[in-house]
Amino acid sequence: MLRKILLFTVPLLIAVHLSGQGTPTDFLSADFHKERREAVRQMLPANSVAVFFANAERNRANDVDYIYHQDPDFYYLTGYKEPNAVLLVFSENQSDTSGATYNEMLYVQERDPRAEQWNGKRLGVEGAKEQLGFDRALNGGDFSNIPVDFKSFDMVTFFDFKNDFRDKRGGADLFDLIKTFKIKTDYPSDYNPTKKRLYSMIKSTDVENSANVAQTLGRYLSRDTSLKEDELLSGFVNAGDDGLRSDIKEKVSLKLETNNLDSQLIAEIMSKLRETKTKEEMVLLKKAVEISAVGQAEVMKAMHPNMSETEIQGVHEYVYKKYGAEYEGYPSIVGGGNNGCILHYIENNKTQVGNDLVLMDLGAEYHGYTADVTRTIPANGKFTPEQKQIYDIVYNAQEAGIKASVVGAPFRAPGEAASKVVTEGLLALGIIKDASEARTYFPHGTSHYLGLDVHDKGTYGPYKANTVITVEPGIYIPEGSDCDKKWWGIAVRIEDDILITDNGPVNLSDMAPRTTEAIEAMMKLPSPLDDFTLPTLD
Ligand code: GLY
Ligand code: MN
Ligand code: MN
């Protein structure tokens with residue numbers, strides 16, 4: 001009886017106590033998304049439409065799907081978090097039969113009380129209007145009657161489909177929306193955006209340049225058999241003279257005119273827009289990074305040699321949840337000793353990290369924005385002389401990389417600066433005999449953009465203010481490497497998230513100790529988890 005009473009009263013008490021506590025409100029604003037759609041519109045050519053589809057739902061096993069995650073471009077432009085949706089952004093106003101004008105449309109999942117009882121509330125058409133600020137929101141089921149003639153546009157730009165979605169029950173899931181789109185646009189069964197781009201190259205080349213273009217195309221064809229099978233492309237590459245190439249150019253031009261589909265411009269537009277962050281985005285991105293940095297610091301306090309990689313991962317992720325971060329931005333990497341040499345090690349299943357270094361590369365995702373922070377620390381709190389020697393090379397390489405992360409510098413600048421330090425360091429320690437061997441131990445790039453995606457979109461041009469990148473050099477010396485045994489099993493990566501500003505780089509993740517001295521000092525501090533014990537289970 002007492003148990004029954006408790007079962008009923010405890011939730012009630014909690015409910016009463018928590019009444020008035022809501023859900024988070026610090027999401028990107030409807031105005032932000034609207035302004036971003038306007039920016040897309042400004043970059044579209046006349047008489048064109050950009051079409052964006054929501055991300056696919058993906059099956060985990062049987063009747064369980066993976067946790068749904070919106071496509072970052074779709075989220076950036078709408079704020080809509082549900083699947084089975086499509087957004088259209090028109091370059092100019094369109095008119096409907098009543099004479100009303102509109103320049104964008106959003107098709108969303110229809111409200112459905114039964115589905116919502118099982119899987120959660122849907123925003124629906126009204127929510128899309130009220131909360132996301134769309135004038136013209138419709139149910140996905142209406143997409144098949146869309147009052148838009150796609151063939152009347154000079155360009156329909158969209159991301160080509162990856163064909164990794166299923167046809168679920170009902171008539172308005174992503175499968176059905178894409179099917180409708182393909183029918184209405186006369187999407188060719190052999191649509192291939194790369195082929196289209198190569199056709200355009202041929203069309204715009206002049207006679208003097210055509211032999212050079214043929215050479216470039218030859219490289220594309222050698223990497224992609226489907227391109228090689230295209231008679232016009234192969235013909236152009238193998239043509240022995242300009243006359244033959246001119247004939248093919250005419251045929252290619254005719255073919256290009258037969259459809260208005262494009263998948264290049266949309267990619268360029270989204271890369272340009274997402275490369276630099278607005279103030280509103282920076283609030284969320286900074287928060288994701290700071291949460292992740294605090295996670296690293298807390299783990300430094302909690303770490304001991306008996307911990308498993310899985311438990312270490314759990315401590316980071318607990319800190320994320322405590323701050324309200326919904327997800328991890330990518331699968332967490334926690335690798336003790338030799339496991340750290342696997343760059344994207346995600347098994348995280350060593351049961352005791354022992355006295356090794358532990359490489360921890362994790363990022364909280366806060367309201368869509370993800371961090372990407374790596375620290376490498378000695379599980380027992382003290383670096384050995386060998387570990388410290390390698391660590392300090394990576395640290396100095398990262399310092400050089402961060403210093404090179406300035407407005408106007410080429411994208412590769414941090415990487416070049418970091419590689420130089422790593423190469424010199426490995427030579428000085430005798431781990432390599434020649435600079436060309438450095439890539440064996442530092443086999444990855446140093447920087448990538450960061451934002452809604454961990455490897456975010458960008459143009460790879462010279463750095464602009466308000467861009468966020470990672471600077472993440474590493475040295476990895478797997479067991480059995482061709483060097484003195486004392487280095488084997490040492491893997492170090494240090495990764496910070498750097499905001500590029502007109503006043504120089506700002507390290508957003510500097511709340512996580514980074515020098516060997518600061519790490520050792522942090523590891524001496526007590527952790528609230530020191531007293532957290534659980535019963536032993538059989
Ligand atoms: N965590 C993936 C990366 O560092 O790029
Ligand atoms: Mn990274
Ligand atoms: Mn990383």
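Predicted, not measured: the structure shown is a model, and the values here were computed from it. Along the sequence shown, residues carry numbers from 1. Note that ligands are numbered from 1 as they come in the structure, with each ligand's atoms numbered from 1 the same way.
For a heavy-atom separation below 4.0 Å, the residues in contact with ligand 1 are Y330, H344, D361, D372, H448, H455, E472, E495.
Checking side-chain atoms of Y327 against main-chain N and O of A364 turns up no donor-acceptor pair under 3.5 Å. Looking at D262, its side chain does come within 3.5 Å of a backbone N or O of Q264 through a donor-acceptor pair. Under a 3.5 Å cut-off, the side chain of E275 and the backbone N or O of K272 do not form any donor-acceptor pair. Using a distance-only test at 3.5 Å, with no hydrogens or angles considered, no donor-acceptor pair links the side chain of Y345 to the main chain of L359.
Counted by atom type alone, E298 and Y318 present zero donor-acceptor pairs between their side chains at under 3.5 Å. Side chains of S436 and D434: a donor on one and an acceptor on the other come within 3.5 Å.
Y75 has its side chain out of reach of Y80: every pair of non-hydrogen atoms, C-beta onward, lies at least 4.5 Å apart. Using a 4.5 Å heavy-atom cutoff, the side chains of M282 and V468 are in contact. With contacts defined as side-chain heavy-atom distances shorter than 4.5 Å, the pair Y391/P378 does not qualify.
Considering R36, R41, K34 in turn, R41 is the only one that fulfils the salt bridge (charged side-chain N to carboxylate O under 4.0 Å, His left out) rule with E38.
H455 lies apart from the Mn ion (ligand 2) in this respect, since none of its N, O or S atoms is found at a distance under 2.8 Å.
Inspection of the environment of the Mn ion (ligand 3) yields the following protein N, O or S atoms under 2.8 Å: D361 OD1, D361 OD2, D372 OD1, E495 OE1.
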